[in-house]
Amino acid sequence: MTKPDVLMPVPLPASLGDGLARDFNVVRPFETPDPEATLARIAPTLRFIATGVPVIADGVSRPIDAPYMARFPRLELVANMGVGYDNIDATAAAARGVVVTNTPDVLTEETADAAFGLLLAVIRQLPQADRYLRSGKWLDKAFPLSASLRDRVMGIVGLGRIGKAIARRGEAFGLKVAYHGRRRQDDVAWPFYADLAEMARACDILMISTPGGPGTRGLVDARILDALGPSGVVINIARGGIVDEDALIAALRERRIWSAGLDVYADEPRVPAELVAMEQVVLLPHVGSATGPTRDAMARLVVDNLRAFARGEGPLTPVDETPWRG
Ligand code: 8YV
């Protein structure tokens, strides 16, 4: 039997391609001399797409939106390698009965580790201290005293799986935890703020772990940053678009907030030069889930979703918008 095609619209990790190759014919138009002709060849029969954040940035983002999906009349499943799926229009997919899957759970603890590491790095200025030693400055005098994590309140924007894993770490470090989201969650005791500005006023760490996309674009703007105040720290491990980057840069420049730790940006992998020039901020290149074991687990889950679906067993981890009835 011939293997069904899986379209990989962007370069993704080798482990994903290897895992898929056992049961599918992986089509990578970007590796072919004429990508458009390759797409046109598979379009009439294509049932599956495997996508995610490209491992090689070529400056071209390829959202899986309604016009893109419309090219494939027999499309059934879009499997995303990532828990965030703002690269896919899941509502448009649902409207035409296309299932979307993501990779929850397998990256939760890893991403929470990265978030907390970033927080510690910002507060204790660990990358700056490392740079200080390497440049020989310690030989002249001690590194300047840093801010402290003690007595801080961490307000979490989006208390999903990753938000909760960060909250648990916060408690272990003696932080007070609060959260903002669409609704109060009955199974947690942390204070809930329906109003984000109110939470920002009550905390001095704003930890962003909410999904990206149109619903949260620009959610953290100048008003929220001013509510956070001059000792405030913004940590973003979610999606760059959730923070108004210009407002963040202005607030940092004018010391209306104290610092920021960012793993994500509005226009990755391009990072505003103003941020790069700021000594007090800590900037990571979107590495929240980027460990060998976790990326392998994410790739496996993409493969397992596709395999189960192709066998007629349904998707393993469909997203909320997907109207799947198993
Ligand atoms: C990666 C992520 O950027 O899961 C997500 O939402 O942002 C990350 O894990 C990526 O999706 C890996 O391909």
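Computed from a predicted model, the values in this text were never measured in an experiment. We count ligands from 1, going down the list as the structure has it; atoms in each ligand are counted the same way.
- When each of Thr210, Asp86, Asp263, Asn87 is tested with Arg239 by the rule side-chain hydrogen bond (donor to acceptor under 3.5 Å, both in side chains), just one qualifies, namely Asp86.
- Of the possible polar contacts, none joining the Arg96 side chain to the Ala66 backbone as a donor-acceptor pair under 3.5 Å is found.
- Atoms of ligand 1 lying under 4.0 Å from any heavy atom of Gly82, numbered from 1 in the order shown and given with element: 4 (O), 5 (C), 11 (O).
- Shortest contact from atom 9 (O) of ligand 1 to any protein heavy atom: Ser289 OG, 2.6 Å.
- Nearest-heavy-atom check against atom 6 (O) of ligand 1 across Gly52, Pro13, Gly84 picks out Gly84.
- Taking atom 5 (C) of ligand 1 as the reference point, the nearest protein heavy-atom neighbour is Val83 N, 3.5 Å.
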| field | Derivation and outcome, side chain to side chain donor-acceptor pair (under 3.5 Å), residues Arg295 and Ser289 | value | CA-CA 7 Å; Arg295 284 290 164 85; Ser289 67; 3.0 Å; yes
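- Among Arg239, His286, Met81, the residue whose heavy atom sits closest to atom 13 (O) of ligand 1 is Met81.
- Listed by number with element, the atoms of ligand 1 under 4.0 Å from a non-hydrogen atom of Leu107 are 4 (O), 9 (O).
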| said: Between Asp5 and Arg47, is the salt bridge (Lys or Arg N to Asp or Glu O under 4.0 Å) condition met? List the steps. | reply: CA-CA 7 Å; Asp5 289 338; Arg47 295 166 60 206; over 6 Å; no
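- Taking the six-membered ring for Trp and thresholds of 30 and 60 degrees, Tyr132 and Phe143 have ring planes more than 60 degrees apart, a perpendicular arrangement.
- When each atom of ligand 1 is checked for a heavy atom of Met298 under 4.0 Å away, the hits are 9 (O), 12 (C).
- Among Tyr193, Phe192, Trp190, the single residue meeting the ring-ring contact (aromatic ring centres under 6.0 Å, His included) criterion with Tyr179 is Phe192.
- Protein heavy atom nearest atom 1 (C) of ligand 1, with residue, atom name and distance: Arg295 NH2, 3.5 Å.
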